[in-house]
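Excluded from the calculations below are hydrogen atoms, water molecules and symmetry mates; all remaining heavy atoms, backbone and side chain alike, are included. Here the structure is a predicted model, which is why all the values come from computation and not from measurement.
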Amino acid sequence: MDVTVRVAEGDAEDELRSLRDWLATDDEFRGRLGLAGNGPAPGEMGAVVDLLTVAVGGGGVATVLAASISAWLRTRRSDVTIEITESVNLRSVKVTANRIKDPEGMIREVLDAKER
């Protein structure tokens, strides 16, 4: 299963790079992370990063991912809304990092859906 993370509200490119860097500090995600984007808009140079992908297999990686994203969200200084989608059932959840109560529970509900 792959998981995609998109920033729905906030500075998408900076926030996705920040999240990728955060996740990359955990050996569990070595070789599992990728950034993707659209081609440049007319008159612009370079692609715009708008999606983070995480290859999630077995071995509890989804649980680690939910905890890691939750911890990252708590570090945000400005409001950010991310949308997390799993590739098997295409279930998704939007999580906003302002006055968030249980981001890990919401994220795990989506990522654990394949087991139901």
Side-chain angles (χ1 to χ4, degrees):
M1 165 176 73
D2 287 341
V3 172
T4 58
V5 181
R6 184 180 68 81
V7 173
E9 294 178 27
D11 184 348
E13 190 160 359
D14 286 346
E15 295 293 1
L16 288 174
R17 289 184 189 283
S18 171
L19 178 55
R20 185 217 37 212
D21 293 348
W22 178 276
L23 295 174
T25 64
D26 190 329
D27 288 342
E28 196 76 45
F29 300 111
R30 183 169 291 139
R32 296 177 182 261
L33 303 171
L35 290 173
N38 295 321
E44 294 183 358
M45 296 175 54
V48 175
V49 171
D50 62 0
L51 197 65
L52 171 67
T53 60
V54 184
V56 178
V61 176
T63 300
V64 175
L65 179 62
S68 294
I69 292 175
S70 176
W72 175 80
L73 284 169
R74 285 192 213 94
T75 70
R76 306 315 328 137
R77 293 185 179 150
S78 60
D79 292 350
V80 63
T81 299
I82 61 172
E83 183 174 8
I84 301 162
T85 305
E86 56 86 14
S87 64
V88 175
N89 299 309
L90 299 178
R91 290 182 45 144
S92 66
V93 65
K94 279 188 180 178
V95 181
T96 300
N98 88 13
R99 294 179 300 279
I100 194 160
K101 291 183 170 77
D102 182 21
E104 184 176 349
M106 293 177 355
I107 295 166
R108 287 189 62 185
E109 183 177 324
V110 169
L111 299 181
D112 292 341
K114 68 179 175 76
E115 297 173 4
R116 293 182 195 160

What's the separation between atom CG in Leu73 and atom CD in Glu15, rounded to the nearest 0.5 Å? 9.0 Å
What residues, two or more places apart in sequence or in another chain, satisfy salt bridge (charged side-chain N to carboxylate O under 4.0 Å, His left out) together with Arg20? none
Closest non-hydrogen atom pair, Asp14 against Asp11: OD2-OD2, 2.7 Å
Answer yes or no: is there an ion pair linking Arg91 with Glu86, defined by an N-O contact shorter than 4.0 Å? no
Which heavy atom of Leu23 sits nearest to which heavy atom of Phe29, and what is that distance? O-CD1, 3.3 Å
Arg32 side chain vs Val54 backbone, donor-acceptor pair below 3.5 Å: no
Using salt bridge (charged side-chain N to carboxylate O under 4.0 Å, His left out) as the criterion, list what pairs up with Glu28, not counting sequence neighbours. none
Taking the side chain as every heavy atom from C-beta outward, state whether Leu51 and Thr4 have any pair of such atoms under 4.5 Å apart. yes
Might you point out which heavy atoms bring Ser68 and Asp26 nearest each other, and give the distance in Å? OG-OD2, 4.3 Å
Nearest heavy-atom contact between Ala55 and Val61 is O-CG1, 4.5 Å
Residues Asp27, Arg30: salt bridge by 4.0 Å N-O rule: yes
Rounded to the nearest 0.5 angstrom, the OG1-CD1 distance for Thr96 and Ile82 is 9.0 Å
Kindly compute the distance separating CG (Leu65) from CH2 (Trp72), expressed to the nearest 0.5 Å. 12.0 Å
Are Ile69 and Trp22 side-chain neighbours, meaning at least one heavy-atom pair lies under 4.5 Å? no
For Asp50 versus Leu16, what's the shortest heavy-atom pair and its separation? C-CD1, 3.2 Å
